[in-house]
2 protein chains.
Amino acid sequence: MGKPTVHDIAKEAGVSLATVDRVLNSRPGVREKTVRRVQTAVQTLGYVRDLTAANLSRKREYRFVFVLPQGAGQFVETLRAALLEAGEAHAADRMAVEIISTPMHDAHVVADLLNSLGPKLYSGVAVLAQETPAVRDAIRHLKETGLPVVTLVSDIPSSDRDHFVGIDNVAAGRTAAVLMGRFLGGFTGKILISASSMLARDSIERRLGFDNVMAERFGNIQVLPSLELRDQPARMMKIVKSVLQSDPSIAGVYSLGPINEAFLAALRASGRLDDLVVITHELTPITRTGLLADEIDAVITQNVGHLVRSAMRILRAKCDGRRIIESQERIRTDIIIKENLP
Amino acid sequence: MGKPTVHDIAKEAGVSLATVDRVLNSRPGVREKTVRRVQTAVQTLGYVRDLTAANLSRKREYRFVFVLPQGAGQFVETLRAALLEAGEAHAADRMAVEIISTPMHDAHVVADLLNSLGPKLYSGVAVLAQETPAVRDAIRHLKETGLPVVTLVSDIPSSDRDHFVGIDNVAAGRTAAVLMGRFLGGFTGKILISASSMLARDSIERRLGFDNVMAERFGNIQVLPSLELRDQPARMMKIVKSVLQSDPSIAGVYSLGPINEAFLAALRASGRLDDLVVITHELTPITRTGLLADEIDAVITQNVGHLVRSAMRILRAKCDGRRIIESQERIRTDIIIKENLP
DNA sequence: GCTTTTCTGATGTACGTCAATCAGTTGGGA
DNA sequence: TCCCAACTGATTGACGTACATCAGAAAAGC
C-alpha cells in the first residue's frame, strides 16, 4: 500500500469523494461535523495531497514576473541571466518567468508598471526597485488584488510585501568592515567609501553596518564620507585619482555596491592599487576579474541563483497557500576571495 | 494556445500518438525516418515533456538512500538534519530519502552494505565514506546494476561515481591559508595543524592547498606537521595545551576538519586563545559557538542544505536520463566569520 | 406533514503522459 | 504471388486530483 489518496480518505471517513474534495479545497456546503470527520481521517492516514497531480488537474500555470531596473550594471545583468536559466529549468514544472525592465531612476514609471499588473496576467511578482512612496503604494495595491509580491536585493519594508529576498545588508556592511580591519592588520589610516548608484536602502544599510563595526572595533581607522559619482565616469576618475594620490593615509577602499569598470580604472590610474585593500559587493565579471588580478581583496556577495530560486519558491508557496520554511529562504552573505571564487 | 502537447506533435509530424510516445521514450518499433520526423516536430513546436504528468502517469517514485557514517561528529549530524528536512519538503514531489548509518572505521561493512543495495530497493545512492578499494569496488558494482551514485563531501574518484557533491577541498585549503596569512598580518610564526578524524581524502586535499599557499605567499610562516589525536580526547588536551604553552611562536591553528569540543577546550586551557588565529572547517553548533565567542576567527564550510539538494537533483536527473546543469551543481566554499553567520 | 433549505452522494470529464493491446499497413524476400 | 516481418495507427485505461452537475437525503421552518 502506497501513499493514501482521496479515495482512501473517503473510505476512512465514510463519506463520498465529492465531500472529501469539498473539505480539502475548503469549498462550502459541508456540515461542520463532517468536515471534522474528514480532517481526522486525513490526520490518521497521514494523507498529503499530491501537488503535481493537483496542478495537472487544474492545469495551473505559475507566471512570475520579475521587475528589474534597466541599465543598472552587471549585477542586475547576472541576475537577469540567472532568471533566464531558471525559466528554462522550471519550464517542465509549469512555472514561467518573465522579466520586465524599467528605467532606473523614474520611480513613477515603476509604480505605473506595477499598477498595470494583475492577477489575470501573473501569479506572482518580484520587484527590484527603490523605496519610494509611489512604489510602496503600488506594491500595496498589488497585494490587495491578491498577488503575492516579494522584494529583491533591496527591501521595501514599508510596503506590505510578502517577503524580502536578499541578504541582511547591515550584516553585509559589518562583514566588509571586519575584513577591511583585519586585512589592514592594525594599521592606522583612512577608508574611501564609494556609494553605489543602485538603490538607496541597501547602500544605506551597508554603510551603517560598516560604520558601526569600524567605530566599535577599529578606532584607528577613519571612514571618509561617501563619494557618489557613478554617473559621471570621467569626473569620478579624476577625483578618485587625485584624492588617492594626495592623501597617502588612505589605506582601503570600500564600495557599497558593485564596483564598475570606470572606478576600477581610476584606482589603477592612481598607482596605489597594490597597497590598497579593496572590498566591494556583488560578484560580476568585473569584480571577478579584479579578484583574479589581485586588485580586489574581497567581494561580499549574494548568490543570484539562490536569489532567484528562493523568490520562485516563496511566490509559489504563497500561490499554493503553503507555509515557507524560513530557514531555507535565508540568503547567505557570501565572502569571496580569489581562492574560493566559484 | 498554451504549451504544445504530444497531441500537437502527432498532428505536426503527421503520425499517431502512439508513435510519438514510442519516439519520446525511445522505445523500439519506429523507422529511422519517422523518428526524425517526430524529432523535428518536437524542435519546431518547442515541445517540452510535462514531467509532472509523466511521473504521475508512470507513478514513478524516487527513493534515494544516503549512506552516512555513524558517530562522525556534528557535521554529519547537521547533514542528517538537512536530509530529514529535505525528505519532508520533497514528499510532495514523489521523492523519498532514507538514511543508512554505517560504522565509521570499518570500510568492509560499508562495502557490504553498498553491495546489498539494488535497483529494486532504491533509485539512487549517495555515499559519504572513506576511499578504500572495497568501497570503490562496491560503488562500481552499484553502477553496473544501473543505479546512479554520487559521492558526498569527500570524493572517491577511483570509483565510477556519476558525480561528486561537495566543495573543491584543495581550494578550501587554499582559502583557509590566505585568511590565515592575512589575519596574521605579516607576522612570523608557526601554524598548528589539527587533522580531521573524518575522511582521508578531504583532509589530504585541504592540507595540500593550505601548504601550497603558505609556501607561495607566506614564506615567513611555518606549518607544523598534523596532530592526529581526535580519538583520545584526554591525551590530546594535554598535548595541545603543552605545545601551545611551550612554543609561543605558534600564532595560528588550522583544523582540517570540524573542530570538536575537546580540541576547543584544549585551546582554551592553553590560555592563548585570544592571540591565536583559529580557522576550522564546517559550520556546526560548536564552531558556531566558537565564532560567536570570538574564539574561532573563520570557518570554511559548505552549506549542507545545498549539498543534499544538489545530490537529489543530480540523482533525479540521472534517473530521468536528463543532463545536469554543471554550473548549478557546483557547491561553493563558504567563508563564515562572526558577522556573516547565517 | 409539508415545503424549503442545506448538505451529501454519485457520476463524469479533464489534465498530459505512459503503457499496453490489437488491428492494419507497408516492404522485402522467397 | 504470397507471406512474414517490421512498422504504424487507433484505442483504451490508468495515475491522483479538480471541478461541475444533478439527484437524493437530512435538517430546519411553518
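So you know, we letter chains A, B, ... as the sequences are listed, proteins then strands, and number each from 1.
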Asker: Starting at the 5' end of DNA chain D and moving along, which residue's nearest nucleotide shows up first, A:S57 or A:K33?
Answerer: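 Per heavy-atom nearest nucleotide, the more 5' residue is A:S57.
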Asker: Find the bend of the helix from C:dT8-D:dA23 to C:dA30-D:dT1 as the angle between its two terminal axes (five pairs each), to the nearest 10°.
Answerer: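 So the angle between the two local helix axes works out to 50°.
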Asker: Run the salt-bridge test on B:R36 and B:E32 with the 4.0 Å N-O cut-off and return the result as yes or no.
Answerer: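 Between B:E32 and B:R36 there is a salt bridge, with a charged N closer than 4.0 Å to a carboxylate O.
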Asker: Atom CG of A:L45 to atom P of D:dG16: distance rounded to whole Å?
Answerer: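 Spelled out: CG on A:L45 to P on D:dG16 is 15 Å.
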Asker: Any idea which of D:dT17, D:dG9, C:dT17 is nearest the B:S16 side chain?
Answerer: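 Of the candidates, D:dG9 comes closest.
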Asker: Quickly work out the A:D50 CG to D:dT17 P distance and round it to whole Å.
Answerer: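 Distance check: A:D50 CG to D:dT17 P gives 6 Å.
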Asker: Less than 4.0 angstrom from a charged side-chain N to a carboxylate O is my criterion; do B:R136 and B:D160 meet it?
Answerer: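 Judged by the 4.0 Å cut-off on N to carboxylate O distance, B:R136 and B:D160 do not form a salt bridge.
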Asker: Indicate yes or no: does A:E329 engage A:R313 in a salt bridge with an N to O separation below 4.0 Å.
Answerer: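 Yes, charged N to carboxylate O under 4.0 Å.
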Asker: To the nearest angstrom, how far is A:L24 atom CG from D:dG16 atom C1'?
Answerer: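 Checked: the CG to C1' distance equals 12 Å.
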Asker: Heavy atoms only: give me the nearest A:V6-A:L24 pair and the separation to one decimal.
Answerer: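 That would be CG1-CD1, 3.6 Å.
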Asker: Side chain of A:N25, backbone of A:R27: donor and acceptor closer than 3.5 Å?
Answerer: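 Not a single qualifying donor-acceptor pair exists.
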Asker: Of the nucleotides C:dG9, C:dT21, D:dT17, which one has an atom closest to the side chain of A:A54?
Answerer: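 Nearest nucleotide to the side chain: D:dT17.
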Asker: Could you measure the distance from the CG atom of B:L17 to the CD1 atom of B:I9? Nearest 0.5 Å is fine.
Answerer: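 Between B:L17 CG and B:I9 CD1, I get 9.5 Å after rounding to 0.5 Å.
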Asker: Does B:R27 have a side-chain nitrogen or oxygen under 4.0 Å from the phosphate oxygens OP1 or OP2 of C:dA20?
Answerer: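 No, no such contact exists.
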Asker: Using atom OH of A:Y62 as one end and atom C1' of C:dC15 as the other, report the distance to the nearest whole Å.
Answerer: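 That distance rounds to 14 Å.
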Asker: Within the structure, does a side-chain N or O atom of A:R31 lie under 4.0 Å from either OP1 or OP2 of C:dT6?
Answerer: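 Indeed not, no polar side-chain atom of A:R31 lies that close.
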Asker: Could you check A:G14 against A:A53 and say which one's nearest nucleotide on DNA chain C is further toward the 5' end?
Answerer: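 Nearer the 5' end of the strand: A:G14.
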Asker: If I take atom NE2 in residue A:H7 and atom P in nucleotide C:dG9, what distance separates them, rounded to the nearest angstrom?
Answerer: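 Taking NE2 of A:H7 and P of C:dG9, I get 14 Å after rounding.
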Asker: Hey, does B:A18 reach any base, or is it just sugar-phosphate, or nothing, if we go heavy atoms under 4.0 Å?
Answerer: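 The residue B:A18 makes base contact.
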Asker: CG of A:D8 versus P of D:dC15: gap in Å, rounded?
Answerer: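 Rounding to the nearest Å, CG of A:D8 and P of D:dC15 are 12 Å apart.
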Asker: Between B:Y47 and B:R22, which is nearer to the 5' end of DNA chain C once each is assigned its nearest nucleotide?
Answerer: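 The 5'-side residue here is B:Y47.
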Asker: Need one value for B:N25: base, sugar-phosphate or nothing, where a base atom within 4.0 Å counts as base even if backbone is also close, heavy atoms only.
Answerer: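 Sugar-phosphate, no base atom in range.
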Asker: Any Lys/Arg nitrogen of A:D168 or A:R330 sitting under 4.0 Å from an Asp/Glu carboxylate oxygen of the other?
Answerer: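 No salt bridge links A:D168 with A:R330.
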Asker: What is the separation between atom CG on B:D21 and atom P on C:dA19, rounded to the nearest whole Å?
Answerer: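 Taking atom P of C:dA19 as the reference, CG of B:D21 is at 7 Å.
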Asker: Please confirm whether the shortest side-chain N or O distance from B:T19 to OP1 or OP2 of D:dG9 is below 4.0 Å.
Answerer: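 Indeed, a polar side-chain atom of B:T19 lies that close.
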Asker: Please report the shortest heavy-atom distance between A:L83 and A:V97, naming the atom on each side.
Answerer: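 Heavy-atom minimum between the residues: O-CG2, 3.5 Å.
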Asker: Separation of A:N55 atom CG from D:dC19 atom P, in whole Å?
Answerer: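 A:N55 atom CG is separated from D:dC19 atom P by 10 Å.
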